[in-house]
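Quick caveat: nothing in here was measured; it's all calculated off a predicted structure. In what follows, every chain begins at residue 1, and chains take the letters A, B, ... in the order their sequences are listed.
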Protein chains: 2
Amino acid sequence: MHNIMHEMHSHHQRDGSETGIMRALQKNGHKLTRQRQVILEVFLKMDGHPSPEEIHKEIRRKGYRLSLATIYRTLKMLLEAGFVRKLEFGDGQSRYERQKEGNQHLHMICKCCGQTLEAPAMDVDWLFEELAEKHAFVLHSYTTYLYGLCNACISASSKKAITQKKG
Amino acid sequence: MHNIMHEMHSHHQRDGSETGIMRALQKNGHKLTRQRQVILEVFLKMDGHPSPEEIHKEIRRKGYRLSLATIYRTLKMLLEAGFVRKLEFGDGQSRYERQKEGNQHLHMICKCCGQTLEAPAMDVDWLFEELAEKHAFVLHSYTTYLYGLCNACISASSKKAITQKKG
DNA sequence: TTCAATGCAAAACATTTGCAATCTT
DNA sequence: AAGATTGCAAATGTTTTGCATTGAA
């Protein structure tokens, strides 16, 4: 039941397209329902890290109609199958991003405006690997959140500081 | 109102003891109540990453009696003041750990038993710093979760594999 | 004395679940 | 036809909040 993704990559072309994922899920005993197609289709087209609620809104905006519960259930399935990653930015709701193999990245979260940007992981990969090994830990995946201020907010706040002296 | 901690470090000895923190909070206009003393005292003595609920239980176990709401409110205050860090392991409840300056570490979370261990950050620090800089991002803090299997669970599962062939 | 902080219960959320109806296969 | 999946509403679990009361300064 775990990480269908790997299987997919060995047997199929590594597309990870909507149909590719659906086929992989199907092969693993899941049924191919209209709802799952819609969720996948809409989710894959969304940028950033949408929450279940946001995915639901987007789905309705596009004229489809399905229950929030189904979105939760589908996301859980996709998570267990390894097609998505679950993120927690600390704002009370969970967020999801697509799991693209070999595309690890860090999340930089601006404390001021809440915007998140992504930085490619680069050297971090082997560093974490080495670190885990040192602790006899088998590393499967990782998530990193960098908190601070984005460029826009720094500019804004320094401008404000000039205006009102002493922030 | 933000990061009283820094202020404390420049004016006081950098102890971060219960009284040290209380004094710093007080200096910033917060009132020194019995409840806050108790929460701080108990929390600082707890290991790991206790959730508000766990802190509450521990407090009651020690014979004190105060409301869960107060714990939430106090933790929020400590968070905004920079004395604690908030963590989300993905198990549905938030967890808190003490913010010790210059003691950054990564969290290794075992997917099997749920246990978390900590690894000192080492080289990660400047790597993140460099990365942030490259994106014009001012780094304040970071949190890293490494997911995988701990030593104990690996041993256990390999033992099981021998017994039942094909896991 | 004054206003912040507390306790309590209710409210607000996000997420999960039970169950009857409905789809895939 | 059989069993998985859905929708709905209710349940759950965590966190927040309104408000009267208490307590620190």
Margin query: If you take any heavy atom closer than 4.0 Å to DNA chain D, which residues from residues 31-47 of chain B end up in contact?
Written below: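 Going residue by residue through residues 31-47 of chain B, the ones with a heavy atom under 4.0 Å of DNA chain D turn out to be K31(B), L32(B).
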
Notebook entry, point to check: Residues from residues 56-77 of chain B sitting under 4.0 Å of DNA chain D, heavy atoms only?
Noted result: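 Contacts with DNA chain D under 4.0 Å: A69(B), Y72(B), R73(B), K76(B).
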
Checklist line | Contact summary for Y96(B) and K86(B), nearest pair of heavy atoms | finding: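 Minimum heavy-atom separation between Y96(B) and K86(B): OH-CE, 3.7 Å.
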
Notebook entry, point to check: Should we count CD of Q115(A) as having more than 12 external heavy atoms under 6.0 Å?
Noted result: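 Open: at most 12 neighbouring heavy atoms sit under 6.0 Å from CD of Q115(A).
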
Between [N] ([atom2]) and [X] ([atom1]): distance, integer Å:
X	N	atom1	atom2	answer
L87(B)	dT14(D)	CG	P	17 Å
K86(B)	dT15(D)	NZ	P	7 Å
R95(A)	dC13(C)	CZ	P	16 Å
E88(B)	dA14(C)	CD	C1'	12 Å
E54(A)	dA14(C)	CD	P	11 Å
L25(A)	dT25(C)	CG	P	12 Å
M22(A)	dT24(C)	CE	C1'	11 Å

Using modelled atom types only, decide if a donor and an acceptor are shared between the side chain of [X] and the backbone of [Y] within a distance under 3.5 Å.
X	Y	answer
R95(A)	H49(A)	yes
R36(A)	K31(A)	yes
T74(A)	T70(A)	yes
E54(B)	S51(B)	yes

Check: Should H30(B) be listed as having a side-chain N or O under 4.0 Å from OP1 or OP2 of dA5(C)?
Finding: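 Yes.
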
Check: Does Q26(A) make a side-chain N or O approach to OP1 or OP2 of dT25(C) shorter than 4.0 Å?
Finding: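 It does, given that an N or O in the side chain of Q26(A) lies less than 4.0 Å from OP1 or OP2 of dT25(C).
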
Note to self: Is the ring pair H107(A)/Y145(A) parallel, tilted or perpendicular, if the boundaries are 30 and 60 degrees?
What the structure shows: tilted

Next item on the list: Report which part of the nucleic acid S51(A) touches: base, sugar-phosphate, or nothing (heavy-atom distance under 4.0 Å, all strands).
Entry: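 Result for S51(A) = nothing.
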
Checklist line | Aromatic ring proximity, centroids under 6.0 angstrom, Y147(B) and Y142(A) | finding: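 No, ring centres 6.0 Å or more apart.
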
Margin query: Using a strict threshold of under 4.0 Å (side-chain N to carboxylate O), is an ion pair present between E41(A) and K45(A)?
Written below: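 Here K45(A) pairs with E41(A) in a salt bridge, since their nearest N and O are under 4.0 Å apart.
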
